[in-house]
*Asks:* 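Dropping the structure in here first, questions after.
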Amino acid sequence: MARALLTILSKMRATLTIRLPILWALAGKGWWGTGFRSGKGGYARAMTNQRIAIIGGGLMGHGIAQAFAAAGHRVAIQEPDAERRSAISDHVRRNLQVLGEDIAVADLIEPHETLAGAVASADIVIEAVPEDLALKQRIVAAIEAAAPPHALLASNTSVIPITRIMEPLSDKTRAMGTHWWNPPYLIPLVEVIQTKDSSDAAITAMMGLLTSIGKTPVHVRKDVPGFIGNRLQHALWREAIALVQNGVCDAETVDAVVKASFGRRLAVLGPLENADLVGTDLTLAVHEHVLPDLDRSPGPLPLLRDLVASGRLGMKAGAGFRTWTDAQREEVTTTLATHLQRLDGLERR
């Protein structure tokens with residue numbers, strides 16, 4: 001499935017403009033060439049030729065490394081597992097080959113066994129280790145001890161509050177979250193999460209760097225679990241699960257309703273754009289009737305827990321909310337690929 005999607009998604013990559021670094025004309029900031037200063041020291045140099053370090057060589061780690069390398073940055077990536085570490089270059093070359101891009105980009109990525117070796121001269125350090133709070137806290141503490149004092153420090157996490165991850169740091173002004181979406185070298189969005197301790201200058205520098213490599217960074221101004229994208233996504237999923245659990249409809253019907261109605265608008269019309277389109281007065285009237293009846297469970301619903309406990313783990317297990325044959329999984333992949341091709345064609349017009 002992943003390979004089939006990658007073939008189609010590669011065409012979307014070409015639509016992402018790899019922009020030249022933005023010349024931030026901020027008087028008095030001392031940017032571009034001299035670095036800028038805030039709090040305990042200069043945080044970044046010009047957005048060109050940044051020295052990037054990625055901690056964790058898994059799916060997200062080597063994908064993030066590829067995104068920076070494709071924009072011309074040298075990347076050090078640390079992975080303690082020898083087998084995984086030796087496979088990083090091959091993974092990146094295979095991705096580049098499928099995308100029709102120069103496989104020499106992979107030569108800009110240098111695998112490291114030790115964290116200290118990877119971050120020793122870094123300007124930007126992004127940890128991309130598994131979603132384990134204690135592990136991430138140990139990693140960021142080790143990064144602070146080994147990286148230069150000017151280096152920006154970011155955590156790639158989907159849901160864990162950045163403030164908790166950064167608790168061990170003595171200098172929290174240069175720390176933030178950067179939530180990349182999978183696959184990170186194709187999906188443009190990166191959520192940049194500011195904690196109460198993150199300096200404005202550090203956030204602006206990260207936003208500028210991400211923009212310069214063709215990403216679409218958004219500034220998340222409060223550190224809340226799930227940030228923006230996953231809060232929206234899982235609010236929808238919770239209500240979808242509740243509808244099935246309460247016998248309103250089956251899983252197939254939930255999916256059909258989304259795909260045949262508002263799902264068709266989401267790629268070009270965000271939820272608040274839509275609210276403005278229909279009118280805030282109508283939106284208020286609808287909310288008066290429907291919101292009191294929506295699910296408000298503070299934890300995962302029993303139906304989801306039961307599926308996991310019984311081994312119904314989704315497509316990979318042949319069953320989840322729905323049952324899946326190999327042919328059905330292939331059909332889903334093909335349908336999605338066709339849809340992405342259509343979107344790509346619209347974007348090129």
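Please read all numbers here as calculations on a predicted model, not as lab measurements.
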*Asks:* Checking Val192 against Val220 for the side chain to side chain contact (heavy atoms under 4.5 Å, CB included) test, could you report, in this order, the C-alpha distance in whole Å, the side-chain angles of both residues, the deciding distance, and whether it holds?
*Replies:* CA-CA 6 Å; Val192 179; Val220 183; over 6 Å; no

*Asks:* Do you know which two heavy atoms are closest between Ala106 and Leu96, and how far apart they sit?
*Replies:* N-CD1, 3.8 Å

*Asks:* So, for Lys215 and Ala67, which heavy atoms are closest and what is the spacing to 0.1 Å?
*Replies:*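 Looking at all heavy atoms of both residues, the closest pair is CE-CB, 4.1 Å.
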
*Asks:* Show the nearest heavy-atom pair for residues Ile54 and Gly61, with the distance to one decimal.
*Replies:* CG2-O, 3.6 Å

*Asks:* Could you tell me whether the side chain of Arg85 and the main chain of Pro80 form a donor-acceptor pair under 3.5 Å?
*Replies:*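 Looks like yes, one N/O pair under 3.5 Å.
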
*Asks:* Is the distance from the ring center of Trp180 to that of Phe227 below 6.0 Å?
*Replies:*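 Ring centroids of Trp180 and Phe227 are no less than 6.0 Å from each other.
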
*Asks:* Quick check against the 3.5 Å criterion: does Asn246 have a side-chain atom that pairs as donor or acceptor with the backbone of Val248?
*Replies:* no

*Asks:* Indicate whether the side chain of Thr163 and that of Asp223 have a donor and an acceptor atom separated by less than 3.5 Å.
*Replies:* yes

*Asks:* Kindly say whether Asp197 contributes a backbone atom to a donor-acceptor pair with the side chain of Thr195 at under 3.5 angstrom?
*Replies:* yes

*Asks:* Using the six-membered ring wherever Trp is involved, compare the ring planes of His179 and Trp181 and label them parallel, tilted or perpendicular (cut-offs 30° and 60°).
*Replies:* tilted

*Asks:* Are Ile187 and Ile228 connected, step by step, through hydrophobic side chains (Ile, Leu, Val, Met, Phe, Trp, Tyr) whose heavy atoms are closer than 4.5 Å?
*Replies:* no

*Asks:* Is there a chain of hydrophobic side chains (I, L, V, M, F, W, Y, each step under 4.5 Å between heavy atoms) that links Leu266 to Val258?
*Replies:* yes

*Asks:* Are Ile126 and Phe68 side-chain neighbours, meaning at least one heavy-atom pair lies under 4.5 Å?
*Replies:* yes

*Asks:* To the nearest 0.5 Å, tell me how far Leu243 CG sits from Asp250 CG.
*Replies:* 11.0 Å

*Asks:* List the steps, then state whether side-chain hydrogen bond (donor to acceptor under 3.5 Å, both in side chains) holds for Thr280 with Thr283.
*Replies:* CA-CA 5 Å; Thr280 55; Thr283 300; over 6 Å; no

*Asks:* What distance separates Ser86 OG from Glu113 CD, expressed to the nearest 0.5 Å?
*Replies:*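 One finds 11.5 Å between OG of Ser86 and CD of Glu113.
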
*Asks:* May I ask you to decide if Ile52's main-chain N or O and Gln50's side chain share a donor-acceptor pair within less than 3.5 Å?
*Replies:* no

*Asks:* Just wondering, are more than 12 heavy atoms of other shown residues or ligands nearer than 6.0 Å to CD in Gln328?
*Replies:* yes

*Asks:* For Ser261 and Val257, indicate whether the former's side chain and the latter's backbone hold a donor-acceptor pair under 3.5 Å.
*Replies:*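 Indeed, once roles are kept as given, a pair shorter than 3.5 Å links the two residues.
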
*Asks:* Can you tell me how far the CG atom of Leu108 sits from the NE2 atom of His73, to the nearest 0.5 Å?
*Replies:* 10.0 Å

*Asks:* Does the Arg174 side chain pair with the main chain of Ala151, one donor and one acceptor, at a distance under 3.5 Å?
*Replies:*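 Here the side-chain-to-backbone pair exists.
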
*Asks:* Side chains of Leu301 and Trp237: does their closest heavy-atom pair fall under 4.5 Å?
*Replies:* no

*Asks:* Is the number of heavy atoms from other residues, nucleotides or ligands under 6.0 Å of Glu252 CD greater than 12?
*Replies:*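 Enclosed.
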
*Asks:* At their closest point, which heavy atom of Arg312 faces which heavy atom of Gly320, and how far apart are they?
*Replies:* NH2-O, 2.9 Å

*Asks:* Say you draw a straight line from CE of Met176 to CE of Met207; how long is it, rounded to the nearest 0.5 Å?
*Replies:* 10.5 Å

*Asks:* Within a strict 4.5 Å, meaning less than it, do heavy atoms of the Thr211 and Pro217 side chains meet?
*Replies:* yes

*Asks:* Using a 3.5 Å distance criterion without hydrogens, assess whether the side chain of His62 forms a donor-acceptor pair with backbone atoms of Ile88.
*Replies:*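 Flag not set: sc His62 to bb Ile88 has no pair under 3.5 Å.
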
*Asks:* Among Arg164, Lys136, Glu131, which residue satisfies the side chain to side chain donor-acceptor pair (under 3.5 Å) criterion with Thr157?
*Replies:*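 Testing each of Arg164, Lys136, Glu131 against Thr157, the sole residue satisfying side chain to side chain donor-acceptor pair (under 3.5 Å) is Glu131.
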
*Asks:* Does the side chain of Thr178 reach to within under 4.5 Å of the side chain of Ser155, using non-hydrogen atoms?
*Replies:* no

*Asks:* Just by distance, no angles: are the side chains of Glu101 and Asn95 close enough, under 3.5 Å, to form a donor-acceptor pair?
*Replies:* no

*Asks:* Start with the C-alpha gap between Ile77 and His112, add the side-chain angles, then the distance that decides, and say whether side chain to side chain contact (heavy atoms under 4.5 Å, CB included) holds.
*Replies:* CA-CA 6 Å; Ile77 182 167; His112 285 255; over 6 Å; no

*Asks:* Does atom CG of Asp281 have more than 12 heavy-atom neighbours, drawn from other residues, nucleotides or ligands, at distances under 6.0 Å?
*Replies:*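 Atom CG in Asp281 is packed in, count exceeds 12.
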
*Asks:* At what distance, to the nearest 0.5 angstrom, does CD1 of Ile241 lie from NE2 of His234?
*Replies:*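 Going from CD1 on Ile241 over to NE2 on His234, the span is 9.0 Å.
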
*Asks:* On a heavy-atom basis, which atom in Ala240 and which in Val254 lie closest, and how many Å separate them?
*Replies:*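 Closest heavy-atom pair between Ala240 and Val254: CB-CG1, 3.6 Å.
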
*Asks:* Side chains of Val125 and Leu152, heavy atoms from C-beta outward: is any pair under 4.5 Å?
*Replies:*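 Not touching, per the 4.5 Å side-chain cut-off.
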
*Asks:* Apply side chain to side chain contact (heavy atoms under 4.5 Å, CB included) to the pair Val92 and Tyr185, showing each step before the final yes or no.
*Replies:* CA-CA 10 Å; Val92 172; Tyr185 50 89; over 6 Å; no

*Asks:* So, Arg51 side chain and Ala122 main chain: donor-acceptor pair closer than 3.5 Å or not?
*Replies:*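 The answer is no, because no donor-acceptor pair under 3.5 Å joins these two groups.
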
*Asks:* Assess whether atom CG of Leu313 is packed by more than 12 heavy atoms of other residues, nucleotides or ligands within 6.0 Å.
*Replies:*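 For Leu313, atom CG is crowded (more than 12 foreign heavy atoms under 6.0 Å).
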
*Asks:* Hydrophobic clusters here meaning ILVMFWY residues chained together by side-chain heavy-atom distances under 4.5 Å, can you tell me if Leu153 and Ile165 are in one?
*Replies:*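 In one cluster with Leu153: Ile165, yes.
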
*Asks:* Is any NZ, NE, NH1 or NH2 atom of the basic residue among Asp255 and Arg322 found under 4.0 Å from an Asp or Glu carboxylate oxygen of the other?
*Replies:*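 Here Asp255 pairs with Arg322 in a salt bridge, since their nearest N and O are under 4.0 Å apart.
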
*Asks:* Any sub-3.5 Å donor-acceptor pair from Ser198's side-chain atoms to Ala175's backbone N or O?
*Replies:*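 Answer holds: yes.
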
*Asks:* Do Asp200 and Gln194 pass the side-chain hydrogen bond (donor to acceptor under 3.5 Å, both in side chains) test, and can you show the C-alpha distance, the side-chain angles, and the key distance before you say yes or no?
*Replies:* CA-CA 8 Å; Asp200 291 340; Gln194 183 167 11; 2.9 Å; yes

*Asks:* Quick one: does any side-chain atom of Gln78 pair with a main-chain N or O of Pro111 as donor and acceptor, under 3.5 Å?
*Replies:* no

*Asks:* Quick check: is Ile109 connected to Val129 through a chain of hydrophobic side chains (ILVMFWY, heavy atoms under 4.5 Å apart)?
*Replies:*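 No, Val129 and Ile109 fall in different hydrophobic clusters.
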
*Asks:* Would you say that Val159 contacts Pro225 through its side chain, given a criterion of any heavy-atom pair below 4.5 Å between the two side chains?
*Replies:* no

*Asks:* Answer yes when Glu110 and Arg74 have at least one side-chain N-carboxylate O distance shorter than 4.0 Å, and no when they do not.
*Replies:* no

*Asks:* Establish whether Val75 and Ile139 are linked, either directly or via other cluster members, by ILVMFWY side-chain heavy-atom contacts under 4.5 Å.
*Replies:*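 No; tracing contacts between hydrophobic side chains, which count when under 4.5 Å, never links both residues.
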
*Asks:* Side chains of Phe262 and Leu269: closer than 4.5 Å at any heavy-atom pair?
*Replies:* no

*Asks:* Ignoring hydrogens, what is the shortest heavy-atom contact between Ala146 and Leu115? Give both atom names and the distance.
*Replies:*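 Looking at all heavy atoms of both residues, the shortest contact is CB-CD2, 4.3 Å.
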
*Asks:* Hey, does Glu191 have a side-chain heavy atom less than 4.5 Å from the side chain of Ile193?
*Replies:* yes

*Asks:* Evaluate the criterion side chain to side chain contact (heavy atoms under 4.5 Å, CB included) for residue pair Leu189 and Val218; output intermediate values, then yes/no.
*Replies:* CA-CA 7 Å; Leu189 182 68; Val218 296; 3.7 Å; yes

*Asks:* Check this for me, if you would: do Arg93 and Asp102 make a salt bridge, where the nitrogen-to-carboxylate-oxygen distance has to be below 4.0 angstrom?
*Replies:*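 No.
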
*Asks:* Taking atom CG of Asp171 and atom NE2 of His150, what is their separation to the nearest 0.5 Å?
*Replies:*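 With rounding to 0.5 Å, CG (Asp171) is 12.5 Å from NE2 (His150).
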
